[in-house]
Amino acid sequence: MTTYQIGVLNGDGIGPEIVGATIEIFKTAVRKFEMGVEWIELPMGWDGIKKYNDPLPDITKKALASCDGWILGPHDSAAYPEKYKSKRNPSGELRHTLDLYANIRPSKTMPGIKSLVGEVDLVIYRENTEGFYADRNMYVGTGEWKVTPEVVLSTGVFTKKAAMRIAHAAFKMAMKRKKKVTIVHKANVITLGMGLFLDTCREVALQYPNVTVDDYHIDAMAAHLVRRAKDFDVIVTENMFGDILSDLAGELVGSLGLSPSINTNDRQAMAQAAHGSAPDIAGKNKANPIGMILSTVMLMEWLSQYHKDEKLYELGKLVETAVFSVLEDKICTRDLGGNATTSEFTRAIINNIEKASVSIKTR
Ligand code: ATP
């Protein structure tokens with residue numbers, strides 16, 4: 001029996017509560033499938049600072065290098081002491097150093113959750129290593145320079161290599177979905193950088209003749225998402241546009257707190273909920289763990305494909321179905337208008353998993 005090594009990075013704020021809930025749920029599901037998964041807890045955030053004087057200590061980075069994947073809780077880097085603020089935050093550092101170039105962020109209507117834009121099922125492929133994120137663009141330094149107290153230069157970097165690989169990832173996914181890709185850019189203003197991104201995506205599109213392609217400027221796309229989100233399927237865009245657009249899409253279909261994501265470099269994947277560490281409700285048993293749980297479902301689906309192991313896919317589906325069934329029963333945490341605590345909500349999901357009968361289908 002293969003044993004998968006999954007890193008567990010609890011992080012700050014509500015991190016330990018939502019990551020803890022996720023692990024408890026997945027441990028129950030793993031037992032059902034009689035699978036081998038080793039959950040390896042690693043320091044990150046305040047835990048890393050206290051033990052190793054580093055929010056992302058070397059011991060964690062080294063251990064992750066041999067993990068099949070990992071679960072990254074949120075971090076409260078804005079609250080870290082000044083000396084850590086000039087460095088990339090833990091999530092940025094992992095994306096940069098491990099070259100996790102594709103941030104895949106689906107937005108889909110969920111049972112029992114009110115969507116502002118009707119039935120939607122889209123996925124954003126966000127380039128994760130360069131673009132307008134200045135701190136991702138340098139070998140050393142933050143990518144920003146203060147020329148005078150009132151003038152700052154921030155670097156944006158666009159390379160053909162990065163555009164090409166995120167475009168291929170998006171088009172491959174489109175082939176499994178509705179065969180439609182929308183490229184989002186601002187090539188009318190950032191003519192060279194965004195022009196290169198757009199032209200490269202169009203060049204890649206030629207290798208996928210069955211996929212319909214269109215493109216929009218980021219500002220127009222924000223309006224189109226609000227007006228007719230259901231018309232979109234796979235969206236590919238640069239780093240910062242992808243970050244903003246996916247928050248918008250997540251909120252449109254219900255709540256940003258429900259939005260899952262994974263980051264991948266084709267060899268490993270990192271599950272990461274789209275929301276932050278919510279320090280205002282940390283430790284109060286109020287956090288909604290859905291974003292973290294569904295990110296881990298995505299991680300299992302990714303691992304299933306990578307290792308050609310159908311059990312991992314079924315494991316993810318079992319958990320996803322259990323979450324949706326709890327929502328259908330109108331059991332919700334407070335952010336969704338319910339009154340279930342994090343532990344009550346988690347227990348309800350576990351009860352569903354324990355009741356379910358499992359079988360492995362071949363797709
Ligand atoms: P970051 O900059 O780290 O992404 P942020 O400052 O944008 O974080 P969040 O930490 O995501 O913000 O919190 C924004 C609001 O959403 C807060 O009121 C927080 O309590 C709420 N929130 C975020 N995540 C959750 C969750 N999982 N469950 C319930 N409420 C949440």
Side-chain angles (χ1 to χ4, degrees), residues 9-25 44-49 55-56 71-81 84-85 87-95 103 105-107 110 112-114 124 126 128 132-136 239-263 270-298 319 323 326-327 331-349:
L9 287 70
N10 284 309
D12 307 322
I14 57 170
E17 293 162 85
I18 58 171
V19 175
T22 303
I23 301 302
E24 214 184 320
I25 289 164
M44 185 274 282
W46 278 110
D47 189 23
I49 292 176
L56 190 65
I71 299 167
L72 180 78
H75 44 72
D76 189 12
S77 28
Y80 295 166
Y84 303 110
K85 287 190 185 158
K87 292 166 114 186
R88 272 187 288 269
N89 65 40
S91 151
E93 179 66 7
L94 285 170
R95 290 173 182 177
N103 186 200
R105 295 185 156 192
S107 289
M110 290 184 199
I113 304 293
K114 190 176 164 359
I124 295 175
R126 165 192 179 194
N128 221 8
F132 289 134
Y133 269 48
D135 67 338
R136 311 300 138 91
N239 206 342
M240 191 178 289
F241 292 172
D243 192 22
I244 297 169
L245 222 46
S246 56
D247 273 24
L248 172 61
E251 197 60 36
L252 287 175
V253 300
S255 161
L256 176 57
L258 305 175
S259 299
S261 86
I262 56 165
N263 303 261
M270 164 170 101
Q272 181 182 21
H275 60 75
S277 62
D280 51 332
I281 55 164
K284 295 186 177 159
N285 207 10
K286 286 181 180 170
N288 182 345
I290 294 181
M292 197 72 258
I293 299 167
L294 295 183
S295 299
T296 309
V297 168
M298 287 181 75
V319 172
V323 172
V326 168
L327 290 176
I331 301 172
C332 295
T333 44
R334 289 163 59 123
D335 56 307
L336 297 177
N339 54 17
T341 61
T342 312
S343 7
E344 285 162 353
F345 188 73
T346 305
R347 189 69 240 165
I349 296 169

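Order of listing sets the numbers, starting from 1, for every ligand and every atom in it. Here the structure is a predicted model, which means the values were calculated and not measured.
Close approach to Ala278 involves these atoms of ligand 1, each under 4.0 Å from a residue heavy atom: 10 (O), 19 (C), 20 (O), 22 (N), 23 (C). Atom numbering of ligand 1 starts at 1 in the shown order; those under 4.0 Å from a heavy atom of Ser277 are 10 (O). Contact atoms of ligand 1 toward Ala287: 28 (N) (distance under 4.0 Å to a heavy atom of the residue). Short contacts between ligand 1 and Gly276, defined as distances under 4.0 Å to a heavy atom of the residue, involve ligand atoms 1 (P), 3 (O), 4 (O), 8 (O), 9 (P), 10 (O), 11 (O).
Across Arg95 and Asn103, no two heavy atoms sit closer than the pair NH2-OD1, 4.1 Å.
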Arg105/Asp243 under salt bridge (Lys or Arg N to Asp or Glu O under 4.0 Å): CA gap, chis, key distance, verdict: CA-CA 9 Å; Arg105 295 185 156 192; Asp243 192 22; 3.2 Å; yes
Test log, rule side-chain contact (heavy atoms from CB on, under 4.5 Å), inputs His75 and Met44: CA-CA 8 Å; His75 44 72; Met44 185 274 282; 4.0 Å; yes
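Counting only distance, with no hydrogens or angles, the side chain of Ser295 and the backbone of Ser261 share a donor-acceptor pair below 3.5 Å. Side chain of Arg126 to backbone of Asn239: a donor-acceptor contact under 3.5 angstrom is found.
A 4.5 Å side-chain heavy-atom check between Leu72 and Ser91 finds at least one atom pair inside the cut-off. Under the 4.5 Å side-chain criterion, counting only non-hydrogen atoms from C-beta, Ser255 is in contact with Leu336. By the 4.5 Å heavy-atom criterion applied to side chains, His275 and Ile14 are counted as neighbours.
For ligand 1, the polar-atom distance check finds no N/O of Asp335 at less than 3.5 Å from any of the ligand's N/O atoms. Annotation: His275 places an N or O atom under 3.5 Å from an N or O atom of ligand 1; distance criterion only.
By the criterion of a heavy-atom distance under 4.0 Å, the side chain of Ile14, and not its backbone, is placed next to ligand 1. Residue contacts with ligand 1, taken as heavy atom pairs separated by less than 4.0 Å, do not involve Ser77 at all.
Note on ligand 1: Asp280 sits in its first shell, one or more heavy atoms being nearer than 4.0 Å.
Side chains of Asp12 and Ser277: a donor-acceptor N/O pair is absent below 3.5 angstrom, by distance only.
Atom 17 (C) of ligand 1 lies below 4.0 Å from at least one non-hydrogen atom of the protein. Distances from atom 2 (O) of ligand 1 to the protein include no heavy-atom value under 4.0 Å. Proximity of atom 8 (O) of ligand 1 to the protein is indicated by at least one non-hydrogen atom lying closer than 4.0 angstrom.
Remark: minimum distance from atom 30 (N) of ligand 1 to any protein heavy atom is reached at Ile281 CD1, 3.6 Å. Here the heavy atom of the protein found nearest to atom 28 (N) of ligand 1 is Asn288 N, 2.9 Å.
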